[in-house]
Amino acid sequence: MDDTRTSADHWNRMAAPVGATRWWLHPAIVAHVNRLIGGVAGTGVVDGDIALLRRLSPGGFRRAVSVGAGAGAKEIALVRSGLVDRVDIHEISEVRVAQGRRAAADAELADRIVFHNDMVDFAARIAVDLVYWNNALHHMPSAAEAIAWSRRALEGGGTFYMNDFVGPTRMQYPDAWLDAGSRLRAILPDRFFRWSDGRLGTIPRRVMRPDEQALVALDPSECADSGAILPALTRIFPAVAVRNTGGVLYHEGLNDILANFTGEDAPLLETILMLDEALAAQGMTHYAVAHATV
């Protein structure tokens, strides 16, 4: 089975996490990231993107393309906001494409959100005024090839925009990053380390690197070339603006335990996010936003 088919099957099977165990399901962390991106503390996962893109192009965008967009929830939000007139979505998961087509139809946007159930041909020529990557560029087998294709797509003028994981390839994090997450988990009370889905036992306190071979076997696209994203960006878009949005603590340090935070833990979580922002400013980041105007 080729890598694209293996990855498509993986995303066909993927179910939503139980509870807010992942940061993108936690309103306070989403609001924090949106504030870093666009200066707005909205809890929609693209609120920050929309705010920043409006500043970059007050008149909006006529045509956009998005690769690896899943069911297109983020792209539907871009269109519903009035920021984008039309978007073409390329997605390899048949299940996600079917879900996205239904969602676009339900929103009465099927004529403006077009799904292509394929892996985009990076040798093909297209013309758009917005290339939008949202947590999909890190799934591309070659970051440089995907970014070079993005640049060619904007030859008539437009904006490259990325909100993505830019950490080490295959999540092989440096020791210092793992230690930061582990030290955070070491000082938290035991109540945070119970499985929210009822599993027996406790959640590990130590943050570990994923097993690379197991990760590839599960999904060959996962962080396939993520460590090359930022170097390729600065080479292909020399004037690109990049802002680190963190994740060493909120992505790995709080992984699996977020569902155990209650409203009373809001001050603790706010402090953790402040620390994460400080680490990101020093270059210790899982995520970044980048944009360039051609």
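Any value given below was found using the heavy atoms of this structure, including those in side chains, with hydrogens, waters and symmetry copies removed.
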- Are side-chain N/O atoms of Tyr161 and Asn163 paired as donor and acceptor at under 3.5 Å? no

- Item | Which residues share a side-chain contact (heavy atoms from CB on, under 4.5 Å) with Leu273, sequence neighbours left out | Ile29, His32, Tyr250, Leu269

- Message: Closer than 4.0 angstrom, basic N to acidic O: yes or no for Asp9 and Arg13?
- Response: no

- Who are the side-chain contact (heavy atoms from CB on, under 4.5 Å) partners of Pro189, not counting sequence neighbours? Arg191, Phe192

- Query: Any side-chain heavy atom of Arg5 within less than 4.5 Å of one from Ile92?
  - Reply: no

- Message: For Leu130 and Leu53: C-alpha separation, side-chain torsions, deciding distance, then whether side-chain contact (heavy atoms from CB on, under 4.5 Å) applies.
- Response: CA-CA 10 Å; Leu130 173 64; Leu53 282 165; 4.1 Å; yes

- Query: Going from CG on Asp3 to CG on Asp219, what distance comes out if it is rounded to the nearest 0.5 angstrom?
  - Reply: 9.0 Å

What side-chain donor-acceptor pairs closer than 3.5 Å can you find for residues 232-243, not counting sequence neighbours?
residue	atom	partner	partner atom	Å
Thr234	OG1	Leu230	O	3.3
Thr234	OG1	Pro231	O	3.0
Arg243	NH1	Leu36	O	3.2

Quick one: side chains of residues 287-294, donor-acceptor pairs under 3.5 Å with protein atoms, not counting sequence neighbours, listed by atom name and distance.
residue	atom	partner	partner atom	Å
Tyr287	OH	Trp23	NE1	3.2
Tyr287	OH	His251	NE2	3.4

- Task: Look at the side-chain heavy atoms of Ile, Leu, Val, Met, Phe, Trp and Tyr, link any pair under 4.5 Å apart, and say whether Val84 and Tyr132 land in one connected group.
- Result: yes

- Query: Mind checking what makes side-chain contact (heavy atoms from CB on, under 4.5 Å) contact with Val45, not counting sequence neighbours?
  - Reply: Val30, Lys74

- Sequence-distant partners of Asp88, side-chain hydrogen bond (donor to acceptor under 3.5 Å, both in side chains), two or more places apart: Arg63, Arg86, His116

- Query: Nearest 0.5 Å, what's the CZ-CZ distance between Arg183 and Arg206?
  - Reply: 10.5 Å

For residues 147-154, tabulate all N or O donor-acceptor pairs below 3.5 Å that involve a side-chain atom, not counting sequence neighbours.
residue	atom	partner	partner atom	Å
Ser150	OG	Trp133	NE1	3.0
Ser150	OG	Ala146	O	2.8
Arg152	NH2	Phe122	O	2.6

- Item | Partner set under side-chain contact (heavy atoms from CB on, under 4.5 Å) for Glu252, not counting sequence neighbours | Tyr173, Val207, His286

- Test: Asp190 and Arg205 ion pair at under 4.0 Å: yes

- Which pairs count as salt bridge (charged side-chain N to carboxylate O under 4.0 Å, His left out) when at least one residue sits in residues 33-42, sequence neighbours excluded? Arg35-Glu277

- Message: I need the full list of side-chain hydrogen bond (donor to acceptor under 3.5 Å, both in side chains) pairs touching residues 120-131, with sequence neighbours left out, sorted by first then second residue.
- Response: Arg125-Glu155

- Pair Trp24, Asn135: side-chain N/O donor-acceptor within cut-off below 3.5 Å: no

- Cut-off 3.5 Å, side chains only: do Asp164 and Asn134 have a donor facing an acceptor? no

- Item | Results of side-chain hydrogen bond (donor to acceptor under 3.5 Å, both in side chains) for Asn255 - residues two or more places apart only | Arg22

- Between OG on residue Ser7 and CE on residue Met119, distance to nearest 0.5 Å: 9.5 Å

- Message: Between Pro210 and Glu222, is there a side-chain heavy-atom distance shorter than 4.5 Å?
- Response: no

- Item | Flag for Ser221-His139: side-chain donor and acceptor within less than 3.5 Å | yes

- Task: Can you sort out the partners of Asp175 under side-chain hydrogen bond (donor to acceptor under 3.5 Å, both in side chains), two or more places apart, ordered by chain and number?
- Result: Arg209

- Message: When you compare the side chains of Asn12 and Ser93, does any donor N or O come within less than 3.5 Å of an acceptor on the partner?
- Response: yes

